[in-house]
Every structure is written in C-alpha cells, then in structure tokens.
Amino acid sequence: MKKGFFTYIFAALLLLNFCVYANELDDDILDEPKELTAQDLANQEIAQRQAALKERSMQDLAQIGVLQKRIEELNEKLKDNILLKRYSNYLAYRKISKELELLKQSAKSEGKTDEHYSQLNNKIRIKQNELELISEYKGSPIGSLLSPPEVEKYEDITNPFGIINALSYIKKLENNKKEFITIEKDIANLISLLGKKVFLYLELYNLDQKTQYKEILTFLDKQKKDFNMVLEIVSTTEEVYTRKVEQVTLEIKSQISSQIEKIFTIFIIVFLLFFMSFLIKLGLKKYFSQNESYYLTNKIINFLVVFIIVLIVLFSYIDNVSYVVTILGFASAGIAIALKDWFMSIFGWLVIVTSGSIQVGDRIKVTRNGLEVVGDVLDISLFKITIREDITLTSYMVNRRTGRIFFIPNNYVFSEMIANYTHSGLRTVWDGIDITITFDSNHKKAQHIAKEILKHYSKGYTDITRKQLSKMRSKYQLRATGVEPRVYTFVEPYGIVISSWYLTNSYAALVLRSTMSPEILKAFMAEDDIHIAYPTQSINLNEKREKPADLPEEGKII
C-alpha cells in the first residue's frame, strides 16, 4: 500500500517538471526576433490610427454632450429674458416691413386682376396694422426701453402744499433713474450670457461642423452686435439722463429750502402776533371791571389777529391778488346762492357786533315756528349765537323743560323775533302778578295793599332802573320812563282782576314773583271785605223751571 503511494507521487513530480520545461521552451522561441513585411507595418499603422480615431471620437462625443448641456443651462437662464422677448418683436418688425415692401412692389406691377389686386391691398392693410401694433420697435431692438422716461418741467413751488408734490416728484425721478440703470445692467448681463453662448456654439461647431450650428452662430453674433450697440446708446443716454435728473433735483430742493424758510418766517410772525395779543389782553384785563366788556375786547383782538394772519398768508403765497379778486368775481353768483345762509350769518354777525344789540351775557328770547327759547348768551361766533336756557316764566308756562344749549344762526336777526331782556346795560324787566277777587270785594283796598307790597319788595330794582334809563336817554328817545310799581284793575267774567306790575331782575324774575305772590295772597285773605275769586258754576237740581210765557204775536198788544 505504501509502495503504490510513493510511486504515484514520483510520477506527478516528473509530469510537473516536464510542463515547466515546455513553457520555457516556448518563451525562448517567441523571444526570438522575426522579420516583418511592409504590408504588416502598414496594417499595423492603420490599426493604430483607427484606434486613435476611435478614442478621439469617443472624447469628442463626450465633449459635445458637455457643451450641449451647458448650452441648455444658458437657454434656461435666457428663457424668460424680457430683452430677448423685445428683440424678437424687433425682428418681427423688420420681417413684416420686408414683407410689406414686397407686397407694395407686387401691387405696383401690372397684369393683376381686380381680385388679385384687392387681395394684395387687404394683405397690405393687415401688415400695416401689424406694424402699427409694434411700431415702438421700428428703430430699437428693445423698443421704448432704449429711451428713459421724459423729465417733465416741474412748476415752481409757490406754497407749502407744493413741497409734498415736489418731494414726490423727486422720488419719482430717482426711481426712473434706478430703473434705467437697471436696464443698462440687464443689457450688459445679457451680452455676457450671449458671449458665453457664442463661445459654446463655436466649440460645438469645431467638434461637429453642422450647418445648423453655423446658422445659430451667425444669428447669435448678429444678436450680440445689436445688443452691444444698444448698450452703447443706453450707457451714453444714462449719463446724460443722470446729469439732467441731478440738475432738476437740485433746483427743486433749492425751491423747497426757500419755501421752508418762508414758512419758518411766517411762523415766527404768527407767534409774535399771538404773543403780542396775549400781552395786550393781559394788560387790558386790569382795566375792565365787567366780564362782558373784556369778552368783547378779547373777541375783537382775536378777530384782528386772525385777519392780519390771513393777509400775511395771502400776500405771501399769491403773486397777484387781482387773480383772486377776478376769480371771486366770477364765482360770486354761484357762491352767493350756494352759501346764502352762511353769508347772511356773517352779515348778521357784523350787524350784531357793530350795533351792540346783542352781547355776551345778555338774556334774550328767540321765537321761531312757535318755539320760544329764553336763555343767556354764551358766545357770539361768526355764524351763530350760543345761548343756555334758564328757568324762566317761559320755561314754566310753555316749554316745561330748561337747561338746554341752543345755537341760533346769526341771520335770524333779519327774519325772526329776538327780544333782549338786558340790552344796553338794562338789567331789569317788568313782571306782573294777576289775582282775581270777587265782584263784592273792596277792589280799591286790594289795589292799595298790592301796591304797598310791590313797593316794599321791588324798591331796589326801581332805583336801579331809574339810573339805567337815565343813561339810555343819551342813546334812545325815551318818553314813558315811569319806574314805580303799577296796579291795574280789570273787570273779567269771573271777578275783578288786580294786575300788579313791578320791576325785577332780568335773570331772577321768578324768584321775586314767587316771593310776592304768597304775600299778596296772604294780605288779601286777611281782609274781611276782600275775597279771592275763581271760576264757579251754580246747579239747581230740585227746583222746576217755569215755562216762559209765549211771546205776543206781531201787531198784537197784551
């Protein structure tokens, strides 16, 4: 068993050595140089060239793919470019112009039928309409963007409101300049992209010389030249436009500065006027004992200050005041109709102020459309009188409410009834108390009692009224100037009326009235021969009324 195993191992080693020897023999045979023929050399060179061409072709294809991809990326960037859109309109305008020229030449040639000639005219009109729609691209590859917005002539600033418009106009000019500079940058950027696109197509054409690439190169080269021309024009225009905008801006800012100085000067003048009026009011307040006089003086000073300020503003901002007079002259008719009540109120204010018929603090009564209002004047403005309603006999007998604020238009002085209870320093009015006594009462005694009570309670007001009426004689023609209490006797259906009249305070008439009324009533009731009367009726329930005798017939004597 062991002998057979070693025999097998020995045979395998011999076989391995033989194989190694045979391999070395073959290598020696191959390493021996052998002579090549010319045909073999030519074939070998052709094979090498083919391999080189194949390798180069593979490289070119890869390079073409890269170039096409980069061109697609550029096309994606240029896809929505507004300048290229406008340039397409420019090309369309030139194309339509050439077609129109050919149609016109064809229409001029002879030998056309009427139908053919009519068709040509229709085509010519269509082309003309098409050109009119895109007429802005007649001489510009980008249309109206080639020229900046026009710098309009701005009017001189003559008032403060013009400052706001001027600042708005400056901002508009700046925005227009920025937009035009943006257009210039967009054109430069577009030229840069077109240059890259031309370079890529040039490389592509060198790798693959197709007619399509050559045509695209020709179009791109012309497009780039057109935009270069546009860029030169826009750059030159932008410089000129910028200088013009800066010039106009400086002029407007100079006018704004002048207006601000004028406003500041007017403000100082107005401040000085108000300050002076304040000092004058402060000084005059020491010399007026009555608030009414000081109030009127205060109103006059305020009116004068406002009037002077209006004149200052008017002459400061209106170059020719006669223009205002002319305009007002033409518009006066319409203004007078539309603002009739306002003008009448202004005239009424002038009448009230100049005549002194109504002053602040006066107690007045206004009657309009059945409504009666009695109150104290709080203010007299240019258009209305403001009064505060007080508790008066009118409130007690008519309105049954009081304390309201009423605004009376000044034009009421021309058309309505206005009564002044305290005119020209007069602070008293006549008031009356009526008490009815029976027919069998001693009316003379009642009259005497009432008069004595009136004298007792109204003596102070009687003396005041006498002095006030004496002062009014210099202004008015006064005849009946009696100021003593008066008692009148009247026969009425239900009895004898003792009507007692006396002078009382205009602002507190009800106070004295409510004081004296119970006093008179008490004094009458204390007398046996004076009885208070009131409406009575007698009714007979059980007595039969006799039938009246027949009247005698006419001509018959009883």
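Remark: L84 CG to N89 CG distance equals 11.5 Å, nearest 0.5 Å. In this structure, NZ in K79 is found 14.0 Å from CG in L74, a value given to the nearest 0.5 Å. Distance CD1/I464 to CG/N505: 8.0 Å, rounded to 0.5 Å. A distance of 11.0 Å separates CG in L350 from OG in S345, rounded to the nearest 0.5 Å. We find the CG-CZ distance between L194 and F219 to be 9.0 Å, quoted to the nearest 0.5 Å. Note that CD1 of I309 and CG of L304 are 11.0 Å apart. Values are rounded to the nearest 0.5 Å.
The shortest non-hydrogen separation linking I380 to V377 is CG1-CG1, 3.8 Å. Of all heavy-atom pairs spanning M516 and Y457, the tightest one is SD-CB, 3.5 Å. Here the shortest heavy-atom pairing between P518 and S514 reads CD-O, 3.0 Å. Between D379 and V360, the shortest heavy-atom distance links the atoms CA-CG2, 4.2 Å. Taking all atoms of both residues into account, the shortest heavy-atom contact from R86 to L145 is NE-CD1, 3.3 Å. Contact record, E372 with T394: OE1-CG2, 3.7 Å, taken as the closest heavy-atom pair.
A side-chain donor-acceptor contact under 3.5 Å links R513 to the backbone of G432. When atom types are taken as modelled, the side chain of N129 and the backbone of R125 share a donor-acceptor pair closer than 3.5 angstrom. The backbone N or O of S381 lies less than 3.5 Å from a partner atom in the side chain of N410, making a donor-acceptor pair. Without hydrogens or angle criteria, D362 side chain to I358 main chain gives no donor-acceptor distance under 3.5 Å. Formation of a donor-acceptor pair under 3.5 Å by the S88 side chain with backbone atoms of K85 is found in this model. Side chain of D390 to backbone of T402: no donor-acceptor contact under 3.5 angstrom is found. The backbone N or O of I498 sits nowhere less than 3.5 Å from a side-chain atom of Q447 that would complete a donor-acceptor pair. Formation of a donor-acceptor pair under 3.5 Å by the S168 side chain with backbone atoms of I164 is not found in this model. Checking side-chain atoms of S458 against main-chain N and O of Y461 turns up no donor-acceptor pair under 3.5 Å.
There is a side-chain donor-acceptor pair under 3.5 Å between Y502 and D431. Side-chain atoms of S257 and E261 include no donor-acceptor pair closer than 3.5 Å. In this model, no donor atom of one side chain and acceptor atom of the other lie less than 3.5 Å apart for N420 and K365. Residues S144 and E136 have side chains that bring a donor and an acceptor to within less than 3.5 angstrom of each other. There is no side-chain donor-acceptor pair under 3.5 Å between E484 and T462.
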Worksheet item: For L83 and I187, what are the C-alpha separation, side-chain angles and deciding distance, and is it a side chain to side chain contact (heavy atoms under 4.5 Å, CB included)?
Response: CA-CA 8 Å; L83 296 175; I187 295 173; 3.7 Å; yes
Practice prompt. Give the C-alpha distance, both sets of side-chain angles, the deciding distance and a yes or no for side chain to side chain contact (heavy atoms under 4.5 Å, CB included) between Y137 and I142.
Written response: CA-CA 7 Å; Y137 300 96; I142 59 173; 5.9 Å; no
Worksheet entry | Stepwise side chain to side chain contact (heavy atoms under 4.5 Å, CB included) check, E389 with I405 | CA-CA 6 Å; E389 192 179 24; I405 302 296; over 6 Å; no
Discussion item. Under the criterion side chain to side chain contact (heavy atoms under 4.5 Å, CB included), I'd like the reasoning laid out for K451 against S500: C-alpha separation, chi angles, the key distance, then a yes or no.
Written reply: CA-CA 7 Å; K451 194 168 186 178; S500 307; over 6 Å; no
Practice prompt. Given side-chain hydrogen bond (donor to acceptor under 3.5 Å, both in side chains), test S235 with E184 step by step and report yes or no.
Written response: CA-CA 7 Å; S235 298; E184 181 183 6; 3.0 Å; yes
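Ion pairing of K222 with D226 is present here, as a side-chain N (NZ or NE/NH1/NH2) and a carboxylate O approach within less than 4.0 Å. Contact check on R363 versus D376 returns a salt bridge, with a Lys/Arg side-chain nitrogen under 4.0 Å from an Asp/Glu carboxylate oxygen. The residues K224 and D221 are annotated as not salt-bridged, no charged nitrogen and carboxylate oxygen being separated by less than 4.0 angstrom. A salt bridge does not link R94 to E99: none of the charged side-chain nitrogens sits closer than 4.0 Å to a carboxylate oxygen.
Considering only residues two or more places apart in sequence or on other chains, E174 meets the salt bridge (Lys or Arg N to Asp or Glu O under 4.0 Å) condition with K177.
When side chains are defined from C-beta on, T428 does not count as touching Y421, because their heavy atoms never get closer than 4.5 Å. Counting heavy atoms from C-beta on, the side chains of I170 and I256 come closer than 4.5 Å. P148 is listed as a side-chain neighbour of T237, based on a closest heavy-atom distance under 4.5 Å. Contact annotation: the side chain of H448 approaches that of E452 to within less than 4.5 Å [non-hydrogen atoms, C-beta and beyond]. In this structure, L378 and I385 have side chains that are not in contact, with every pair of non-hydrogen atoms separated by 4.5 Å or more. In this structure, T465 and D463 have side chains that are not in contact, with every pair of non-hydrogen atoms separated by 4.5 Å or more. Residues L426 and T422 have side chains not in contact (no heavy-atom distance under 4.5 Å, counting atoms from C-beta outward). Between I96 and I134 the shortest side-chain heavy-atom distance falls below 4.5 Å.
Outside the 6.0 Å centre-distance limit, the rings of F383 and W349 are not counted as a close aromatic pair. Centroid-to-centroid, the aromatic rings of F227 and Y87 come within less than 6.0 Å.
At most 12 heavy atoms of other shown residues, nucleotides or ligands fall within 6.0 angstrom of atom CD1 in I391. Heavy atoms of other residues, nucleotides or ligands lying less than 6.0 angstrom from NZ of K262 number more than 12. Few gaps surround CZ on F414; more than 12 heavy atoms of other groups in view lie less than 6.0 Å from it. A 6.0 Å sphere centred on CE of M229 holds more than 12 heavy atoms belonging to other residues, nucleotides or ligands.
Residue pairs meeting the ring-ring contact (aromatic ring centres under 6.0 Å, His included) criterion with at least one member in residues 350-369: none, sequence neighbours excluded. Residue pairs meeting the ring-ring contact (aromatic ring centres under 6.0 Å, His included) criterion with at least one partner in residues 250-269, sequence neighbours excluded, do not occur; the list is empty.
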